[in-house]
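Hydrogens, waters and symmetry mates are skipped; everything else that's a heavy atom, side chains included, is used.
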Amino acid sequence: MKHFMRMVVKVWIYFYCICLWRCLKFILRKLTGRCELQRICYKNKPGAGRTRKIESSLKSSKRKLLQNAPSVHPDAIENTIEDILTLKKVHLDTNPQLAVSLQACLLQIVGYRNLTLEVEKLRREAFDSENPQHEEMLLKLWKTLKPGIPLEARVSKQWCEIGFQGDDPKTDFRGMGLLGLYNLVYFAEKDPTSALQILSDSLQPKSSKISNTEWEMKKFDKAIGYSFAIVGINITDLAYNLLISGALKTHLYNVAPEAPALHHFQQTFCFLMHEFHKFWIEEDPLDIMEFNRVRNKFHKRILKQLQNTDMALCPHFAASESLINL
């Protein structure tokens, strides 16, 4: 009975707060002569802070047009903005900047939703050794990370040299599907210097007490650093969870002036690989068995950074100021 009464009280408080908030918005509209969307656009600078407030306002609206706006097709955004302005009785001649600002926000919101769908599709697509395109991409990864060194056979122990667990990498892609491979290839192609350096570092012994001979015998059977490719797939999982949970909105809304695309997600993956490598060295774990502990701690660190609405995880990938300040 007590549990039931607590639930009733919670429901009552919830609806009371909604009514109170709607009354407050009505009063503000009368006092300022501006709707909530106008107040958000005029009081907040472009970026995650503004876009997330616009997104929250649209989703919490009692109007179906506004509720459905975040899920419209990209081609319908312009017409949706016009319908919203008509509904809100906002005249473009006196508020020309509002339409531009709303369009910029909606492009980001819709783009983020479409990006999650695209990433999820890649994650669900399994690596198929019978698919020539999949095989070509896998071989491209080898050639980029091991330039000048031919792969002796498709199924080979050589794959362990770039951090896969066995003779055939396809088994390691089960969790993240093609998404893991896409990210690894992107990193290796777009930032080969860093990728090769991290790969080299990951294969080094942690202790100087281990002789070179012992290291050569053990390094591919028991990673003392970490397995580059496997860690890349794990960091892909981390980036995927940040995206799906919505935590990555802060970063993507700050670096993508319009719709966030797959390359923005892949650039974020590159940044996370850089940062995780530095974090791993800072943590100085005893061995690879501590990987989950270090990964979880790193995940919490990134989540904390993303709580800052001005945060851009990799600002060097950001668009120019002229594009951002819409």
Inset, instruction - Could you give me the CA-CA distance, side-chain angles and deciding distance for Thr268 and Leu252, then say whether side chain to side chain contact (heavy atoms under 4.5 Å, CB included) is met? - result: CA-CA 9 Å; Thr268 305; Leu252 292 178; 4.2 Å; yes
Inset, instruction - Please lay out, stage by stage, how Arg50 and Lys45 fare under the test side chain to side chain contact (heavy atoms under 4.5 Å, CB included). - result: CA-CA 6 Å; Arg50 184 180 74 175; Lys45 63 181 181 180; over 6 Å; no
Legend entry - side chain to side chain contact (heavy atoms under 4.5 Å, CB included) evaluation trace for Phe276 with Asn234: CA-CA 11 Å; Phe276 180 80; Asn234 267 278; over 6 Å; no
Inset, instruction - Take Asn44 and Lys53 through the side chain to side chain contact (heavy atoms under 4.5 Å, CB included) test and state the conclusion after the steps. - result: CA-CA 9 Å; Asn44 295 273; Lys53 286 178 181 178; 3.0 Å; yes
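Atoms CD1 and CG, on Ile302 and Leu238 in that order, are 7.5 Å from each other to the nearest 0.5 Å. In this structure, Ile40 CD1 and Leu98 CG are separated by 10.5 Å, a value rounded to the nearest 0.5 Å. To the nearest 0.5 angstrom, Ile235 atom CD1 is 12.0 Å from Cys270 atom SG. Between the CE atom of Met176 and the CZ atom of Arg123 there is a distance of 5.0 Å, given to the nearest 0.5 Å. Asp284 contributes atom CG, which lies 12.0 Å from atom CZ of Phe279 (distance to the nearest 0.5 angstrom). The line from OG1 of Thr236 to CD of Gln266 is 9.0 Å long, rounded to the nearest 0.5 Å.
Residues Leu306 and Ala247 approach most closely at CD1-O, 3.5 Å, considering heavy atoms. Nearest heavy atoms, Ala229 versus Leu184: O-CD1, 4.0 Å. Shortest non-hydrogen contact noted between Ala195 and Leu145 is CB-CD2, 4.2 Å. In terms of heavy-atom proximity, Thr144 sits nearest to Ala188 at CG2-O, 3.1 Å. Between Ser57 and Glu36 the shortest heavy-atom distance is OG-OE1, 2.7 Å. Here the shortest heavy-atom pairing between Ala69 and Leu106 reads O-CD1, 3.7 Å.
Trp159 and Ile230 fall into different hydrophobic clusters, where Ile, Leu, Val, Met, Phe, Trp and Tyr side chains are chained together by heavy-atom contacts under 4.5 Å. Ile162 and Leu139 fall within a single hydrophobic cluster, where Ile, Leu, Val, Met, Phe, Trp and Tyr side chains are chained together by heavy-atom contacts under 4.5 Å. Linking Ile, Leu, Val, Met, Phe, Trp and Tyr whenever their side-chain heavy atoms come within less than 4.5 Å leaves Val155 and Met137 in two separate clusters. Connection of Ile149 to Leu138 is established within a shared hydrophobic cluster, with ILVMFWY side chains joined at heavy-atom distances below 4.5 Å, either directly or through further cluster members.
Using a distance-only test at 3.5 Å, with no hydrogens or angles considered, a donor-acceptor pair links the side chain of Ser101 to the main chain of Gln97. The backbone N or O of Leu199 lies less than 3.5 Å from a partner atom in the side chain of Ser202, making a donor-acceptor pair. Panel note: side chain Ser61, backbone Arg63; a donor-acceptor pair is recorded below 3.5 Å. Checking side-chain atoms of Gln158 against main-chain N and O of Trp142 turns up no donor-acceptor pair under 3.5 Å.
With sequence neighbours left out, the side chain to side chain contact (heavy atoms under 4.5 Å, CB included) criterion links His277 to Ile198, Asp201, Tyr226, Ile281. Listed by chain and residue number, Arg295 satisfy the salt bridge (Lys or Arg N to Asp or Glu O under 4.0 Å) test with Asp237 (two or more places apart in sequence, or in another chain). Partners of Glu275 by side chain to side chain contact (heavy atoms under 4.5 Å, CB included), not counting sequence neighbours, listed by chain and number: Phe271, Lys278, Phe298.
For the pair Leu313 and Thr250, the minimum side-chain heavy-atom distance is 4.5 Å or more. Looking at Pro260 and Phe265, their side chains never come closer than 4.5 Å, going by heavy atoms from C-beta outward. Using a 4.5 Å heavy-atom cutoff, the side chains of Phe291 and Pro285 are not in contact. Using a 4.5 Å heavy-atom threshold, the side chains of Leu66 and Lys88 count as touching. A 4.5 Å side-chain heavy-atom check between Tyr253 and Ile109 finds at least one atom pair inside the cut-off. Counting only heavy atoms from C-beta outward, the side chains of Phe228 and Phe164 never approach each other to under 4.5 Å. Counting heavy atoms from C-beta outward, Leu179 and Phe173 have side chains that stay 4.5 Å or more apart. Here the side chains of Asn183 and Ile233 are not in contact, with every heavy-atom distance at 4.5 Å or above.
Aromatic rings of Phe269 and Tyr240 (six-membered ring for Trp) have centroids beyond the 6.0 Å cut-off, not under it. Between Phe187 and Tyr182, a ring centre-to-centre spacing not shorter than 6.0 Å is recorded.
For the pair Glu283 and Arg293, the salt-bridge criterion is met [side-chain N within less than 4.0 Å of a carboxylate O]. The pair Lys140-Glu189 counts as a salt bridge, with a side-chain nitrogen and a carboxylate oxygen less than 4.0 angstrom apart. Residues Glu125 and Lys121 are not paired through a salt bridge, judged by the lack of any N-O separation under 4.0 Å between the basic side chain and the carboxylate. Glu55 has no carboxylate O lying under 4.0 Å from a charged side-chain N of Arg52, or vice versa, which leaves the two without a salt bridge.
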Mind listing the side-chain donor-acceptor pairs of residues 76-86 below 3.5 Å, one per line with the distance, residues two or more places apart or on another chain?
residue	atom	partner	partner atom	Å
Thr80	OG1	Ala76	O	2.7
Thr86	OG1	Glu82	O	2.9

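Side chain to side chain, Asp191 and His274 meet the donor-acceptor criterion of an N or O pair below 3.5 Å. No side-chain donor from either of His134 and Ser129 sits under 3.5 Å from a side-chain acceptor of the other.
Among residues at least two apart or in separate chains, side chain to side chain donor-acceptor pair (under 3.5 Å) pairs with a member in residues 165-179 are Arg154-Asp168. Residue pairs that meet the side chain to side chain donor-acceptor pair (under 3.5 Å) test with at least one member in residues 107-119, sequence neighbours left out, are Thr51-Gln108.
Taking a 6.0 Å sphere around NZ of Lys249, one finds it holds more than 12 heavy atoms contributed by other residues, nucleotides or ligands. Within a 6.0 Å sphere centred on CD of Glu136, other residues, nucleotides and ligands contribute 12 heavy atoms or fewer.
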